[in-house]
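Please read the structure below before turning to the comments.
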Amino acid sequence: MTDNLITTPFGARTTAAEVLAGVDLGGRRAVVTGAASGIGRETARVLAAAGAEVTIGVRDLAAGAHVAQEITPESGPGSVHAALLDLTDLASVRSFVETWHGPLHMLVLNAGVMASPLERTKEGWELQFATNHLGHFALATGLHDALAAAHGARVVVVSSVGHVNGDVLFDDINFERHPYDPWAAYSQSKTANVLFAVEAGRRWASDLIAVNALNPGRITSTRLGRHIGDVSNSPTSFEATSTDVSWKDIPQGAATSVLLAASPLVDGVTGRYFEDCNEAGPHRPGIRRGVAAHAVDPERAAHLWQVSLEMLTAAASTTA
């Protein structure tokens, strides 16, 4: 991270539509994961409203097609359609990648699960790490050539303030020896999101692919919190002096994703972590804001990249 933090005129109260007011995305193509509901749906809707051709990756194709129809603009060049994508199924990810043709200008890695009970994929991977990081890692690396063909693509990785609570457990990523803790598993997956942005930003800079991570805030009324109960009555905190993460509604929660995906204000910015539509400063103990040092460490980022490749390679060899 740099001492010269990127700032914009936007903040915690800004909506995604306000971020893209006056921005024309005609002729550009986007993929948004986890867009059947919540901030993913709003991200896809606003990108399409600005003229983009948006593909939403969904596990339930019929439900996804219904959402796509609902959020497709009534007029203008923008459009939305659904494609099958299950991030916990590598065959599904490969199929999505193989059927993609042409350049990809925006890839928003939004899907996620939070604080779920212990569950494993068929490879034996802990579900939160598999969904939030590995599936997205496989998708982004698989779509690398399409992103490079756009000559200025952007990859947006939705992380969380929860990353400050813990590093990646490189010695036991899948909780095979450690007692499973749903929040520790969530924290490591969200740290992995930021580390991916750091390393992908470095590796792909020469391909003109910008990769950034973000904390969307704590969003009321979404399915992400289904394992921890209703948060809709929680207090809202937008003040700059607050020590808590900003509470937001869905249009506000999608704003930072849309900023990083399409705003000209962040052209050329890569390998960074944003919150409330601005680059975050270093995390300080006791404050639920900022980016933790362990999440932007370049050595950890490079190590995670290698570990992720090895996990995917091992999984592919067992199914070959």
Between [X] (side chain) and [Y] (backbone), is there a donor-acceptor pair under 3.5 Å?
{"X": "T33", "Y": "A111", "value": "yes"}
{"X": "D207", "Y": "I209", "value": "no"}
{"X": "N132", "Y": "S189", "value": "no"}
{"X": "S159", "Y": "K190", "value": "yes"}
{"X": "S95", "Y": "A91", "value": "no"}
{"X": "N110", "Y": "G34", "value": "yes"}
{"X": "E53", "Y": "G27", "value": "no"}
{"X": "Q252", "Y": "D249", "value": "yes"}
{"X": "S160", "Y": "H163", "value": "no"}

Test of understanding: with ring-ring contact (aromatic ring centres under 6.0 Å, His included), list the residues that count as partners of W204, not counting sequence neighbours. H144, W305

Just to verify, what does H136 make a ring-ring contact (aromatic ring centres under 6.0 Å, His included) with, not counting sequence neighbours? none

Is the shortest heavy-atom distance from the side chain of [X] to the side chain of [Y] under 4.5 Å?
{"X": "I173", "Y": "V168", "answer": "yes"}
{"X": "F274", "Y": "L260", "answer": "yes"}
{"X": "L214", "Y": "S257", "answer": "yes"}
{"X": "R289", "Y": "V161", "answer": "no"}
{"X": "D181", "Y": "Y186", "answer": "no"}
{"X": "S116", "Y": "M114", "answer": "no"}
{"X": "V266", "Y": "N212", "answer": "no"}
{"X": "L143", "Y": "L107", "answer": "yes"}

Tell me the closest heavy-atom pair linking [X] and [Y], and the distance in Å.
{"X": "T99", "Y": "H101", "answer": "O-CD2, 3.3 Å"}
{"X": "V269", "Y": "A210", "answer": "O-CB, 3.3 Å"}
{"X": "A65", "Y": "A82", "answer": "N-CB, 3.7 Å"}
{"X": "A44", "Y": "V80", "answer": "O-CG2, 4.5 Å"}
{"X": "G102", "Y": "A146", "answer": "O-CB, 3.5 Å"}
{"X": "L47", "Y": "A30", "answer": "CD1-CB, 4.1 Å"}

Apply side-chain hydrogen bond (donor to acceptor under 3.5 Å, both in side chains) to N215 and R288, showing your working. CA-CA 11 Å; N215 163 29; R288 301 290 292 170; over 6 Å; no

Is the count of non-hydrogen atoms from other residues, nucleotides or ligands lying under 6.0 Å from [X] atom [atom1] greater than 12?
{"X": "R28", "atom1": "CZ", "value": "no"}
{"X": "R120", "atom1": "CZ", "value": "yes"}
{"X": "E299", "atom1": "CD", "value": "no"}

Say whether H66 and E70, considering side chains only, have a donor N or O and an acceptor N or O under 3.5 Å apart. yes

Taking atom types as modelled, find out whether T55 and H81 have a side-chain donor-acceptor pair closer than 3.5 angstrom. yes

Test side chain to side chain contact (heavy atoms under 4.5 Å, CB included) applied to L309 and V307, step by step: CA-CA 5 Å; L309 283 177; V307 168; over 6 Å; no

Criterion side-chain contact (heavy atoms from CB on, under 4.5 Å) against V296, the qualifying member of V291, L195, T191: V291

Candidates V211, V32, L139 - the one meeting side-chain contact (heavy atoms from CB on, under 4.5 Å) with L109: L139

Give the C-alpha distance, both sets of side-chain angles, the deciding distance and a yes or no for side chain to side chain contact (heavy atoms under 4.5 Å, CB included) between F10 and L259. CA-CA 9 Å; F10 307 124; L259 175 89; 4.0 Å; yes

In terms of hydrophobic clustering (I, L, V, M, F, W, Y; side-chain heavy atoms under 4.5 Å; direct or indirect links), are [X] and [Y] co-clustered?
{"X": "F137", "Y": "V155", "answer": "yes"}
{"X": "L85", "Y": "V113", "answer": "no"}
{"X": "F129", "Y": "Y180", "answer": "no"}
{"X": "L134", "Y": "L87", "answer": "yes"}
{"X": "F175", "Y": "W125", "answer": "no"}

Report the distance from atom [atom1] of [X] to atom [atom2] of [Y], rounding to the nearest 0.5 Å.
{"X": "K122", "Y": "T318", "atom1": "NZ", "atom2": "OG1", "value": "8.5 Å"}
{"X": "L208", "Y": "R154", "atom1": "CG", "atom2": "CZ", "value": "12.0 Å"}
{"X": "N278", "Y": "I6", "atom1": "CG", "atom2": "CD1", "value": "9.5 Å"}
{"X": "L25", "Y": "L20", "atom1": "CG", "atom2": "CG", "value": "6.0 Å"}
{"X": "H133", "Y": "S308", "atom1": "NE2", "atom2": "OG", "value": "2.5 Å"}
{"X": "I219", "Y": "I250", "atom1": "CD1", "atom2": "CD1", "value": "8.0 Å"}

Would you call [X] and [Y] a salt bridge, taking side-chain N to carboxylate O under 4.0 Å as the test?
{"X": "R59", "Y": "D89", "result": "no"}
{"X": "E98", "Y": "R94", "result": "no"}
{"X": "D276", "Y": "K248", "result": "yes"}

In sequence, state the C-alpha distance, the side-chain angles, and the governing distance for S263 and T8, and then conclude on side chain to side chain contact (heavy atoms under 4.5 Å, CB included). CA-CA 10 Å; S263 173; T8 77; over 6 Å; no

Test R41 against V67 for side chain to side chain contact (heavy atoms under 4.5 Å, CB included), laying out the working first. CA-CA 8 Å; R41 174 185 171 126; V67 170; 3.9 Å; yes

Identified side-chain hydrogen bond (donor to acceptor under 3.5 Å, both in side chains) partner of D167 from the options R300, Q188, H294: R300

List the steps, then state whether side-chain hydrogen bond (donor to acceptor under 3.5 Å, both in side chains) holds for S92 with D86. CA-CA 6 Å; S92 177; D86 182 347; 5.8 Å; no

